[in-house]
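The shown structure was predicted, so the numbers you read here are calculated from the model rather than taken from an experiment.
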2 protein chains.
Amino acid sequence: MSKSIHPVPGSAADRVEQALQFLEGRWKLLILFRLFGGQVQRFSELERSIPAISQKMLIQQLRQMEADGIVRRIVHHQVPPKVEYSLTAWGQALCPALDALLGWAETRPAEKSGSAETVEVS
Amino acid sequence: MSKSIHPVPGSAADRVEQALQFLEGRWKLLILFRLFGGQVQRFSELERSIPAISQKMLIQQLRQMEADGIVRRIVHHQVPPKVEYSLTAWGQALCPALDALLGWAETRPAEKSGSAETVEVS
DNA sequence: CGGAATCCCTTAGGATACTG
DNA sequence: CAGTATCCTAAGGGATTCCG
(Lines give C-alpha, C1' and ligand atoms only; values in the text may rest on other atoms or scores of the structure.)
Protein backbone atom coordinates (compact mmCIF):
# COMPACT_ATOMS: atom_id res chain seq x y z
CA MET A 1 0.00 0.00 0.00
CA SER A 2 2.85 2.35 -0.73
CA LYS A 3 0.91 3.73 -3.66
CA SER A 4 -0.45 7.25 -3.36
CA ILE A 5 -3.91 8.03 -4.65
CA HIS A 6 -3.80 10.05 -7.81
CA PRO A 7 -6.70 12.16 -9.04
CA VAL A 8 -5.84 10.63 -12.40
CA PRO A 9 -7.62 7.28 -12.25
CA GLY A 10 -4.68 5.21 -13.38
CA SER A 11 -5.11 1.87 -15.09
CA ALA A 12 -8.29 -0.17 -15.15
CA ALA A 13 -6.45 -2.70 -13.04
CA ASP A 14 -5.97 -0.12 -10.31
CA ARG A 15 -9.63 0.74 -10.30
CA VAL A 16 -10.83 -2.83 -10.25
CA GLU A 17 -8.33 -3.53 -7.52
CA GLN A 18 -9.84 -0.71 -5.52
CA ALA A 19 -13.32 -2.07 -6.13
CA LEU A 20 -12.26 -5.49 -4.93
CA GLN A 21 -10.82 -3.97 -1.78
CA PHE A 22 -14.34 -3.11 -0.74
CA LEU A 23 -15.03 -6.84 -0.77
CA GLU A 24 -11.80 -8.17 0.69
CA GLY A 25 -11.83 -10.03 3.93
CA ARG A 26 -13.24 -13.48 4.42
CA TRP A 27 -16.57 -12.34 5.79
CA LYS A 28 -17.90 -9.37 3.88
CA LEU A 29 -19.74 -11.42 1.30
CA LEU A 30 -21.39 -13.52 3.96
CA ILE A 31 -22.59 -10.38 5.67
CA LEU A 32 -23.58 -8.75 2.40
CA PHE A 33 -25.79 -11.61 1.34
CA ARG A 34 -27.64 -11.41 4.62
CA LEU A 35 -28.36 -7.78 3.92
CA PHE A 36 -29.33 -7.96 0.26
CA GLY A 37 -32.96 -7.31 -0.55
CA GLY A 38 -33.25 -4.53 1.99
CA GLN A 39 -32.95 -6.78 5.00
CA VAL A 40 -32.31 -5.12 8.34
CA GLN A 41 -30.31 -7.14 10.83
CA ARG A 42 -29.20 -6.56 14.37
CA PHE A 43 -25.61 -7.16 15.39
CA SER A 44 -26.52 -10.26 17.32
CA GLU A 45 -28.62 -11.59 14.46
CA LEU A 46 -25.68 -11.35 12.09
CA GLU A 47 -23.49 -12.96 14.71
CA ARG A 48 -25.84 -15.89 15.06
CA SER A 49 -26.45 -16.35 11.35
CA ILE A 50 -22.68 -16.58 10.71
CA PRO A 51 -21.57 -18.89 13.52
CA ALA A 52 -17.93 -19.13 12.43
CA ILE A 53 -17.26 -15.42 12.65
CA SER A 54 -15.80 -13.75 15.73
CA GLN A 55 -17.24 -10.50 17.08
CA LYS A 56 -13.99 -8.81 16.30
CA MET A 57 -14.20 -9.71 12.64
CA LEU A 58 -17.90 -8.96 12.42
CA ILE A 59 -17.55 -5.49 13.82
CA GLN A 60 -14.40 -4.84 11.84
CA GLN A 61 -15.91 -5.81 8.50
CA LEU A 62 -19.10 -3.93 9.26
CA ARG A 63 -17.16 -0.80 10.16
CA GLN A 64 -15.18 -0.95 6.98
CA MET A 65 -18.22 -1.38 4.83
CA GLU A 66 -19.87 1.43 6.70
CA ALA A 67 -16.88 3.67 6.05
CA ASP A 68 -16.99 2.60 2.42
CA GLY A 69 -20.63 3.62 2.17
CA ILE A 70 -21.90 0.11 1.57
CA VAL A 71 -23.58 -0.45 4.92
CA ARG A 72 -25.77 1.79 7.04
CA ARG A 73 -25.71 1.58 10.83
CA ILE A 74 -28.65 2.60 12.97
CA VAL A 75 -28.15 2.94 16.70
CA HIS A 76 -31.16 2.85 18.98
CA HIS A 77 -30.31 4.51 22.27
CA GLN A 78 -32.04 2.29 24.74
CA VAL A 79 -31.23 -0.34 27.30
CA PRO A 80 -30.32 -2.89 26.33
CA PRO A 81 -28.67 -1.27 23.29
CA LYS A 82 -29.92 -2.11 19.83
CA VAL A 83 -27.98 -1.58 16.62
CA GLU A 84 -29.33 -2.39 13.19
CA TYR A 85 -27.44 -2.83 9.96
CA SER A 86 -28.71 -2.51 6.42
CA LEU A 87 -27.37 -1.77 2.96
CA THR A 88 -27.16 1.67 1.41
CA ALA A 89 -28.51 2.15 -2.11
CA TRP A 90 -25.01 1.79 -3.41
CA GLY A 91 -24.55 -1.37 -1.41
CA GLN A 92 -27.70 -2.83 -2.94
CA ALA A 93 -26.35 -1.93 -6.35
CA LEU A 94 -23.50 -4.36 -5.79
CA CYS A 95 -25.79 -7.31 -6.29
CA PRO A 96 -25.83 -7.39 -10.12
CA ALA A 97 -22.06 -7.05 -10.29
CA LEU A 98 -21.64 -10.00 -7.95
CA ASP A 99 -24.08 -11.91 -10.11
CA ALA A 100 -21.86 -11.27 -13.12
CA LEU A 101 -18.91 -12.66 -11.23
CA LEU A 102 -20.99 -15.60 -10.10
CA GLY A 103 -22.09 -16.25 -13.67
CA TRP A 104 -18.50 -16.24 -14.81
CA ALA A 105 -17.41 -18.65 -12.10
CA GLU A 106 -20.15 -21.07 -13.08
CA THR A 107 -18.91 -21.29 -16.65
CA ARG A 108 -15.62 -22.68 -15.43
CA PRO A 109 -14.67 -25.68 -17.56
CA ALA A 110 -13.66 -28.89 -15.81
CA GLU A 111 -9.90 -29.23 -15.74
CA LYS A 112 -8.33 -32.07 -17.61
CA SER A 113 -6.56 -33.95 -14.86
CA GLY A 114 -2.80 -34.26 -14.95
CA SER A 115 -1.77 -31.67 -17.47
CA ALA A 116 -2.83 -28.52 -15.65
CA GLU A 117 -2.73 -25.95 -18.42
CA THR A 118 0.94 -26.02 -19.34
CA VAL A 119 1.79 -26.69 -22.95
CA GLU A 120 5.22 -28.08 -23.81
CA VAL A 121 6.76 -27.05 -27.10
CA SER A 122 9.93 -28.58 -28.49
CA MET B 1 -9.72 -23.23 3.14
CA SER B 2 -10.96 -26.04 5.33
CA LYS B 3 -14.16 -26.23 3.33
CA SER B 4 -14.67 -29.23 1.12
CA ILE B 5 -16.25 -28.80 -2.27
CA HIS B 6 -19.77 -30.11 -2.32
CA PRO B 7 -21.65 -30.99 -5.48
CA VAL B 8 -24.45 -29.12 -3.80
CA PRO B 9 -23.56 -25.50 -4.56
CA GLY B 10 -24.30 -24.04 -1.15
CA SER B 11 -25.28 -20.41 -0.75
CA ALA B 12 -24.71 -17.75 -3.35
CA ALA B 13 -22.28 -16.15 -0.92
CA ASP B 14 -20.17 -19.30 -0.93
CA ARG B 15 -20.02 -19.34 -4.70
CA VAL B 16 -19.18 -15.68 -5.06
CA GLU B 17 -16.58 -16.10 -2.36
CA GLN B 18 -15.05 -18.90 -4.37
CA ALA B 19 -15.10 -16.73 -7.49
CA LEU B 20 -13.30 -13.96 -5.66
CA GLN B 21 -10.67 -16.38 -4.46
CA PHE B 22 -9.55 -16.73 -8.05
CA LEU B 23 -8.73 -13.02 -7.93
CA GLU B 24 -7.27 -12.76 -4.46
CA GLY B 25 -3.69 -11.73 -4.02
CA ARG B 26 -2.34 -8.28 -4.65
CA TRP B 27 -1.03 -8.99 -8.11
CA LYS B 28 -3.46 -11.12 -10.08
CA LEU B 29 -5.39 -8.22 -11.49
CA LEU B 30 -2.25 -6.46 -12.60
CA ILE B 31 -1.18 -9.61 -14.42
CA LEU B 32 -4.64 -10.23 -15.79
CA PHE B 33 -4.92 -6.83 -17.37
CA ARG B 34 -1.65 -7.36 -19.15
CA LEU B 35 -3.07 -10.53 -20.65
CA PHE B 36 -6.52 -9.32 -21.62
CA GLY B 37 -7.19 -9.00 -25.31
CA GLY B 38 -5.34 -12.16 -26.17
CA GLN B 39 -1.94 -10.79 -25.34
CA VAL B 40 0.89 -13.25 -24.99
CA GLN B 41 3.64 -12.32 -22.56
CA ARG B 42 6.88 -13.89 -21.54
CA PHE B 43 7.77 -14.27 -17.89
CA SER B 44 10.38 -11.55 -18.10
CA GLU B 45 8.01 -9.20 -19.90
CA LEU B 46 5.48 -9.50 -17.13
CA GLU B 47 8.24 -9.03 -14.61
CA ARG B 48 9.37 -5.82 -16.26
CA SER B 49 5.90 -4.41 -16.81
CA ILE B 50 5.10 -4.83 -13.11
CA PRO B 51 8.28 -3.50 -11.48
CA ALA B 52 7.04 -3.76 -7.90
CA ILE B 53 6.39 -7.50 -8.02
CA SER B 54 8.95 -10.08 -6.91
CA GLN B 55 9.62 -13.20 -8.97
CA LYS B 56 8.28 -15.26 -6.14
CA MET B 57 4.94 -13.52 -6.23
CA LEU B 58 4.79 -13.43 -10.01
CA ILE B 59 5.37 -17.13 -10.39
CA GLN B 60 3.10 -17.94 -7.49
CA GLN B 61 0.16 -15.97 -8.81
CA LEU B 62 0.69 -17.28 -12.33
CA ARG B 63 0.77 -20.85 -11.07
CA GLN B 64 -2.43 -20.38 -9.14
CA MET B 65 -4.23 -18.88 -12.07
CA GLU B 66 -2.90 -21.65 -14.25
CA ALA B 67 -4.23 -24.24 -11.82
CA ASP B 68 -7.53 -22.38 -11.77
CA GLY B 69 -7.74 -22.55 -15.54
CA ILE B 70 -7.49 -18.82 -16.06
CA VAL B 71 -3.99 -18.70 -17.51
CA ARG B 72 -2.28 -20.88 -20.09
CA ARG B 73 1.44 -21.54 -19.91
CA ILE B 74 3.49 -22.42 -22.95
CA VAL B 75 7.03 -23.71 -22.48
CA HIS B 76 9.47 -23.54 -25.37
CA HIS B 77 12.23 -26.05 -24.79
CA GLN B 78 15.24 -24.14 -25.99
CA VAL B 79 18.25 -22.35 -24.57
CA PRO B 80 17.78 -19.89 -23.18
CA PRO B 81 14.37 -21.07 -21.98
CA LYS B 82 11.27 -19.24 -23.12
CA VAL B 83 7.90 -19.40 -21.39
CA GLU B 84 4.84 -17.56 -22.58
CA TYR B 85 1.67 -16.81 -20.68
CA SER B 86 -1.75 -16.03 -22.06
CA LEU B 87 -5.37 -16.25 -20.96
CA THR B 88 -7.62 -19.21 -21.54
CA ALA B 89 -11.04 -18.61 -23.05
CA TRP B 90 -12.48 -18.68 -19.57
CA GLY B 91 -9.89 -16.20 -18.40
CA GLN B 92 -10.83 -13.83 -21.21
CA ALA B 93 -14.46 -14.20 -20.18
CA LEU B 94 -13.59 -12.61 -16.85
CA CYS B 95 -13.27 -9.20 -18.48
CA PRO B 96 -16.99 -8.26 -18.62
CA ALA B 97 -17.52 -9.34 -15.03
CA LEU B 98 -14.67 -7.12 -13.89
CA ASP B 99 -16.20 -4.32 -15.92
CA ALA B 100 -19.44 -4.74 -14.02
CA LEU B 101 -17.56 -4.42 -10.76
CA LEU B 102 -15.68 -1.45 -12.11
CA GLY B 103 -18.93 0.19 -13.17
CA TRP B 104 -20.35 -0.32 -9.70
CA ALA B 105 -17.32 1.18 -8.02
CA GLU B 106 -17.55 4.26 -10.19
CA THR B 107 -21.08 4.99 -9.06
CA ARG B 108 -19.89 5.38 -5.49
CA PRO B 109 -21.45 8.48 -3.96
CA ALA B 110 -19.19 10.99 -2.23
CA GLU B 111 -19.35 10.47 1.52
CA LYS B 112 -20.70 13.26 3.65
CA SER B 113 -17.76 14.10 5.85
CA GLY B 114 -18.05 13.57 9.59
CA SER B 115 -21.11 11.42 9.96
CA ALA B 116 -19.91 8.25 8.26
CA GLU B 117 -23.15 6.34 7.78
CA THR B 118 -24.27 5.81 11.34
CA VAL B 119 -27.71 7.04 12.27
CA GLU B 120 -28.49 7.78 15.90
CA VAL B 121 -32.01 7.15 17.11
CA SER B 122 -33.30 8.20 20.52
C1' DC C 1 -26.46 -5.89 23.89
C1' DG C 2 -22.86 -4.12 21.31
C1' DG C 3 -18.92 -3.28 21.33
C1' DA C 4 -13.32 -2.13 22.63
C1' DA C 5 -8.81 -3.83 24.09
C1' DT C 6 -5.36 -7.19 24.54
C1' DC C 7 -2.73 -11.30 23.48
C1' DC C 8 -1.17 -14.69 20.40
C1' DC C 9 -0.72 -17.52 16.29
C1' DT C 10 -0.90 -18.17 11.37
C1' DT C 11 -0.36 -16.71 6.85
C1' DA C 12 0.85 -13.55 2.90
C1' DG C 13 4.37 -11.72 0.94
C1' DG C 14 9.31 -9.34 0.35
C1' DA C 15 14.63 -9.94 -0.14
C1' DT C 16 18.18 -12.52 -1.35
C1' DA C 17 20.78 -16.30 -3.19
C1' DC C 18 21.17 -20.27 -6.05
C1' DT C 19 20.07 -23.63 -10.30
C1' DG C 20 18.93 -26.07 -14.99
C1' DC D 1 15.72 -16.94 -18.93
C1' DA D 2 12.79 -18.88 -15.81
C1' DG D 3 12.45 -20.45 -12.19
C1' DT D 4 13.54 -22.75 -6.62
C1' DA D 5 14.83 -22.39 -1.94
C1' DT D 6 15.42 -20.09 2.38
C1' DC D 7 14.75 -16.63 5.65
C1' DC D 8 12.21 -13.00 7.73
C1' DT D 9 8.69 -9.42 8.64
C1' DA D 10 4.02 -7.58 8.57
C1' DA D 11 -0.52 -8.09 8.42
C1' DG D 12 -4.81 -11.00 9.10
C1' DG D 13 -7.51 -13.00 12.13
C1' DG D 14 -9.04 -16.03 16.54
C1' DA D 15 -9.82 -16.22 21.74
C1' DT D 16 -10.49 -13.96 25.72
C1' DT D 17 -11.54 -10.28 28.81
C1' DC D 18 -13.55 -5.90 30.07
C1' DC D 19 -16.85 -1.79 29.56
C1' DG D 20 -21.25 1.56 28.94
Side-chain angles (χ1 to χ4, degrees), chain A residues 1-3 17 20-31 34-35 40-68 71-86 116-122, chain B residues 1-3 17 20-31 34-35 40-68 71-86 116-122:
Chain A
M1 218 76 14
S2 59
K3 176 164 296 184
E17 194 170 13
L20 284 182
Q21 277 176 195
F22 295 140
L23 306 177
E24 86 186 348
R26 281 176 54 193
W27 306 106
K28 283 185 181 169
L29 290 172
L30 281 308
I31 299 170
R34 270 154 190 88
L35 261 26
V40 178
Q41 300 269 319
R42 303 185 54 162
F43 184 86
S44 51
E45 288 178 316
L46 289 171
E47 207 174 351
R48 253 177 293 112
S49 71
I50 312 175
I53 199 175
S54 61
Q55 311 102 316
K56 175 185 173 181
M57 280 300 102
L58 181 54
I59 191 63
Q60 177 182 299
Q61 309 273 293
L62 282 170
R63 292 274 197 239
Q64 276 181 232
M65 297 179 103
E66 189 195 351
D68 290 339
V71 161
R72 183 180 297 111
R73 179 170 174 264
I74 300 175
V75 179
H76 299 267
H77 289 289
Q78 58 185 50
V79 283
K82 177 180 172 184
V83 180
E84 293 178 318
Y85 293 90
S86 56
E117 295 289 337
T118 294
V119 179
E120 313 270 350
V121 176
S122 305
Chain B
M1 220 92 351
S2 59
K3 176 163 296 185
E17 194 170 15
L20 283 182
Q21 277 175 196
F22 296 140
L23 306 177
E24 87 185 346
R26 282 175 55 192
W27 306 106
K28 283 186 182 168
L29 290 173
L30 279 309
I31 299 169
R34 271 154 190 88
L35 260 27
V40 178
Q41 301 268 316
R42 304 184 53 161
F43 185 85
S44 53
E45 289 179 315
L46 289 171
E47 206 173 352
R48 253 178 291 111
S49 70
I50 313 174
I53 199 176
S54 60
Q55 310 104 314
K56 175 185 173 181
M57 279 301 102
L58 180 54
I59 191 62
Q60 177 181 298
Q61 309 274 293
L62 282 170
R63 293 272 196 240
Q64 275 181 235
M65 297 180 103
E66 188 195 353
D68 290 339
V71 161
R72 182 180 298 111
R73 178 170 175 265
I74 301 176
V75 180
H76 299 267
H77 289 287
Q78 56 185 52
V79 283
K82 177 178 171 183
V83 180
E84 291 177 320
Y85 292 90
S86 56
E117 295 289 337
T118 297
V119 179
E120 313 271 349
V121 177
S122 306

Student: Would you mind classifying the nucleic acid contact of A:Pro81 as base, sugar-phosphate or nothing, using non-hydrogen atoms under 4.0 angstrom?
Tutor: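 Base, at least one base heavy atom under 4.0 Å.
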Student: Go through C:dA4, D:dG14, C:dA15 for me and flag the one nearest to the B:Lys56 side chain.
Tutor: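 Side chain of B:Lys56 sits closest to C:dA15.
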Student: In residues 40-55 of chain B, what residues come within less than 4.0 Å of DNA chain C, judged by heavy atoms?
Tutor: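 Those residues are B:Ser54, B:Gln55.
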Student: Within this structure, what is the CE-to-C1' distance between A:Met57 and C:dC8, rounded to whole angstrom?
Tutor: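 From A:Met57 CE to C:dC8 C1': 14 Å.
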Student: So, does A:Glu66 use its side chain to make a donor-acceptor pair with the main chain of B:Thr118 at under 3.5 Å?
Tutor: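 Side chain of A:Glu66 to backbone of B:Thr118, a donor-acceptor pair under 3.5 Å: yes, one is there.
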Student: Tell me if a side-chain donor or acceptor on B:Arg34 pairs with a main-chain N or O of B:Ser49 at a distance below 3.5 Å.
Tutor: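 Judged by distance alone, yes, a pair lies under 3.5 Å.
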Student: Between A:Gln41 and A:Ile31, is any pair of side-chain heavy atoms under 4.5 Å apart?
Tutor: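 A:Gln41 vs A:Ile31: side chains apart.
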Student: Can you find a heavy atom in the side chain of A:Gln21 that is under 4.5 Å from one in the side chain of A:Asp68?
Tutor: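 They are not in side-chain contact.
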Student: Show me the side-chain donor-acceptor pairs of residues 52-64 of chain A shorter than 3.5 Å, one per line, residues at least two apart or across chains.
Tutor:
from, atom 1, to, atom 2, distance (Å)
A:Ser54, OG, A:Met57, N, 3.4
A:Gln61, OE1, A:Lys28, N, 3.4

Student: Please determine if a side-chain N or O atom of A:Arg73 lies less than 4.0 Å away from the OP1 or OP2 oxygen of C:dG2.
Tutor: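 Answer no for this pair, as no side-chain N or O of A:Arg73 is under 4.0 Å from OP1 or OP2.
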Student: Just how far, in rounded Å, is C1' of D:dG3 from CD1 of B:Ile74?
Tutor: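 Distance, rounded to whole Å: 18 Å.
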Student: Output the single nucleotide from D:dT4, C:dG2, D:dA2 whose closest atom is nearest the side chain of B:Arg63.
Tutor: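 Within the option list, the nearest is D:dT4.
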Student: Expressed as a whole number of angstroms, how long is the span from B:Glu24:CD to C:dA12:C1'?
Tutor: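 Whole-Å distance recorded here is 10 Å.
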Student: Please give, in whole Å, the distance from D:dG3 P to B:Leu62 CG?
Tutor: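 Spelled out: CG on B:Leu62 to P on D:dG3 is 8 Å.
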Student: Using whole Å, report how far CD1 of A:Ile59 lies from P of C:dA5.
Tutor: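 One finds 12 Å between P of C:dA5 and CD1 of A:Ile59, rounded.
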Student: Looking at B:Tyr85, I'd like to know whether one of its side-chain N or O atoms comes within less than 4.0 Å of OP1 or OP2 on D:dC1.
Tutor: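 False: B:Tyr85 side-chain N/O out of range (4.0 Å or more) of D:dC1 OP1/OP2.
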Student: Answer yes or no: is there a side-chain heavy-atom contact under 4.5 Å between B:Leu46 and B:Leu35?
Tutor: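 They are in contact (side-chain heavy atoms under 4.5 Å apart), so the answer is yes.
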